[in-house]
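The structure appears below as structure tokens.
Every number for a ligand or one of its atoms is a count from 1 in the order of the listing.
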Amino acid sequence: FLAFSTIERNEFPDDFLFGTATSSFQVEGSLKGGKGLSNWDVFTHIPGTIADGSDADVADDHYSLFREDIELLHSLGVNSYRFSLAWSRILPKGRFEGINPEGIAFYNDLIDALVQKGIQPFVTLHHFEIPQELEERYASWLSSQIIEDFAYFAEVCFTAFGDRVKYWTTFNEPNTFLKFGYLNGRWTPRRCSPPYGHCEAGDSETEPYIAGHNLILSHAAATDIYRKKFQAAQGGKIGIVVSPNWYEPLRNTPEDLSAAHRLLVSDVGWFLDPIILGDYPFEMREVLRSKLPNFTLEEKELLKIKVDFIGINHYTSLYAKDCISSPCALDPLNGNMHASASGTRDGLLIGPPTGMPHFFVVPYGIEKIIMYVKDRYNNTPMYITENGYSDNNVGTKDELVNDIKRVHFMQNYLPYVNSAMRSGADVRGYFAWSFLDNFEWTLGYTKRFGIVYVDYETMARTPKLSAEWYKGFLTGNEIVSMDKKHAIYICLE
Ligand code: PNW
């Protein structure tokens with residue numbers, strides 16, 4: 001695998017946002033600060049759910065160490081930081097009880113510290129975590145009651161933080177948490193939809209789409225509030241983040257080409273089509289028919305609110321296989337819409353493997369996906385809200401800190417972002433996932449995505465080689481010796 005790899009900061013506009021990203025549950029630590037129980041707090045404590053038997057009670061203890069973390073972030077030269085607000089830290093029981101003042105104070109301090117360092121806060125309202133109360137009262141996303149709760153939460157956040165936060169996103173990766181929570185049952189609330197999964201608790205072919213429908217309307221309700229009550233005075237922008245893989249047809253057939261298209265639609269169009277184009281994609285309607293809800297006229301009116309920008313999390317490309325013309329074994333993690341995806345063709349991987357079993361290094365995929373989103377949504381401004389490389393948490397600290405593969409990953413992906421921009425794509429920012437090694441959901445601490453190493457015994461932070469490289473790239477003083485005058489080729493084994 002060979003790729004052209006030189007790239008410089010000045011090939012991107014001056015006001016381009018370059019940052020790193022985290023999420024509340026993965027870094028903060030849940031035990032401190034009067035946080036209410038979230039769905040993930042409960043889920044992680046069910047024996048057998050997390051690969052290494054761990055939980056996120058302490059995680060990176062970012063709750064206590066955020067000031068040092070922001071110093072570190074500042075030293076890297078980033079101009080933005082993407083993080084999320086833990087809903088149950090702010091509203092321990094949703095709208096059914098009061099606001100937690102310690103939670104508001106924590107995020108106020110975090111935001112103030114960032115702003116003081118000239119780092120733009122880029123804030124996610126929902127990054128997989130909700131107050132457990134909402135799960136127990138009305139099964140969260142399966143009930144339209146969640147719309148009122150989410151809109152209330154959003155309004156509390158706009159009121160408390162909107163004077164300093166200029167970039168808001170409502171949801172992180174609805175496609176991921178609906179797939180894992182309602183299609184294959186691997187994440188909370190462990191619901192399944194055949195043929196993609198079977199759950200002891202019972203299966204439903206409609207639940208993923210009901211949950212998605214309520215989520216889309218929650219997005220629209222929160223955006224409506226921002227537009228009507230806050231945007232003019234606060235001058236910020238609001239969007240949503242999706243997480244599309246790029247899909248290549250497994251075989252050179254119209255069936256696999258159409259499978260690749262259906263998988264893209266399920267990653268992206270399921271949410272962005274209603275939000276930006278006003279209704280579900282016809283490809284989804286064709287496959288799902290009456291399982292897919294309809295928007296009422298009133299709901300369609302609300303959907304006219306749209307977004308100011310699209311966030312794209314991108315990690316991998318996969319091969320797509322059609323499961324309509326001939327039945328196939330569905331990959332539980334990457335099957336939907338009668339299509340299945342994997343990283344292998346004729347025994348060969350699509351790109352070098354990473355610590356994540358379904359993520360491969362395929363740099364050109366990021367340009368493909370940017371151009372796809374650009375063309376489908378009329379070049380709505382885009383931010384790459386996550387992109388990154390995972391190591392398995394094995395080996396010595398020295399080995400993990402000397403993360404040359406992650407350096408190569410960034411050196412190879414960034415030129416393709418730049419290339420999409422040269423083809424006219426309105427990309428306005430890039431966030432490396434992640435700032436810190438952290439709690440990787442059901443994989444616990446078995447993966448390390450950080451550009452900064454975290455020692456989970458002492459909580460000490462050590463910038464990895466990739467952090468040094470990113471800093472060099474951002475400040476124009478590359479530390480990792482690179483010959484920029486000549487095209488150099490890097491071999492990712
Ligand atoms: C995203 N998968 O989630 C999230 O936004 C992050 O919280 C997470 O740490 C990051 O990607 C890396 O995984 C995903 O298994 C988690 O397909 C798992 C998958 C995809 C996305």
Are there any protein N or O atoms under 3.5 Å from the N or O atoms of ligand 1? List them with distances, or say none.
residue	atom	partner	partner atom	Å
ligand 1	3 (O)	Glu173	OE1	3.2
ligand 1	5 (O)	His127	NE2	3.2
ligand 1	5 (O)	Asn172	ND2	2.9
ligand 1	5 (O)	Glu173	OE2	3.4
ligand 1	5 (O)	Glu386	OE1	3.0
ligand 1	5 (O)	Glu386	OE2	2.8
ligand 1	7 (O)	Gln26	OE1	2.7
ligand 1	7 (O)	His127	NE2	2.8
ligand 1	7 (O)	Trp441	NE1	2.9
ligand 1	9 (O)	Gln26	NE2	2.9
ligand 1	9 (O)	Trp433	NE1	3.2
ligand 1	9 (O)	Glu440	OE1	2.6
ligand 1	11 (O)	Glu386	OE1	3.4
ligand 1	13 (O)	Glu440	OE2	2.6

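Residue Lys368 places its NZ atom among 12 or fewer non-hydrogen atoms of other residues, nucleotides or ligands, all under 6.0 Å distant.
Every residue two or more places apart in sequence or in another chain was checked for a disulfide (SG to SG under 2.5 Å) with Cys157, and none qualifies. Residues passing the salt bridge (charged side-chain N to carboxylate O under 4.0 Å, His left out) test with Lys179: none are found, sequence neighbours excluded. Taking Asp55 as the reference, nothing meets the salt bridge (charged side-chain N to carboxylate O under 4.0 Å, His left out) condition, with sequence neighbours excluded.
The aromatic rings of Phe171 and Phe177 sit parallel, their planes meeting at an angle under 30°, below the 60° perpendicular limit.
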Intermediate values then yes/no, side-chain hydrogen bond (donor to acceptor under 3.5 Å, both in side chains), Asp41 and Ser30:
CA-CA 7 Å; Asp41 286 317; Ser30 286; 2.7 Å; yes
